[in-house]
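First comes the structure, then the notes that go with it.
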Amino acid sequence: MLVAGIPKLARGDLAVAGWFLNECSDAARERVIAALERGLDAGARVLVLEPLSGRAVPWWDDAAARFAARGVATGSVRWQMQRPAWVAQMDKA
């Protein structure tokens with residue numbers, strides 16, 4: 001997946017990256033993360049939402065450290081969810 005036309009972020013902007021960075025190639029993800037870092041340096045705000053399974057996003061710890069170095073709070077939210085029986089059955093397959 002190519003990420004083209006990454007906008008230049010400025011003070012007052014809000015960038016939301018939701019559930020797509022894990023779908024990017026390593027090179028495209030690096031370009032997006034670097035653009036978000038530049039935006040943070042310029043005063044923009046950034047919200048990144050990703051599934052935090054270590055297997056699904058092995059790159060996250062590095063990205064989170066890079067964001068944290070710019071004063072961004074990182075964390076995770078976990079909750080138990082009642083899954084329909086057919087979904088629970090698929091998990092066992």
| query | Are Leu14 and Leu36 linked, directly or through other ILVMFWY residues, by side chains that come within less than 4.5 angstrom of each other? | reply | no
Identify the two heavy atoms, one from [X] and one from [Y], that lie closest to each other, and give their separation to 0.1 Å.
X	Y	value
Val48	Trp60	CG1-CZ3, 3.7 Å
Ile33	Ala63	CD1-CB, 3.8 Å
Leu9	Ala35	CD1-O, 4.2 Å

| field | side-chain contact (heavy atoms from CB on, under 4.5 Å) evaluation trace for Val46 with Val72 | value | CA-CA 8 Å; Val46 172; Val72 174; 5.8 Å; no
| query | Between CG of Leu21 and CD of Glu30, what distance do you get to the nearest 0.5 Å? | reply |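 Leu21 atom CG to Glu30 atom CD measures 11.0 Å (nearest 0.5 Å).
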| query | Could you state the interatomic distance from CG (Asp62) to CZ (Phe67), rounded to the nearest 0.5 Å? | reply | 9.5 Å
| request: Determine yes or no for a side-chain-to-main-chain donor-acceptor pair under 3.5 angstrom, with Arg29 supplying the side chain and Cys24 the backbone. | output: yes
| request: Show your working on side-chain contact (heavy atoms from CB on, under 4.5 Å) between Val57 and Trp59 and close with a plain yes or no. | output: CA-CA 5 Å; Val57 289; Trp59 49 268; 3.6 Å; yes
| said: Assess whether a salt bridge exists between Arg70 and Asp41, defined as any Lys/Arg side-chain N lying under 4.0 Å from an Asp/Glu carboxylate O. | reply: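 A salt bridge links Arg70 with Asp41.
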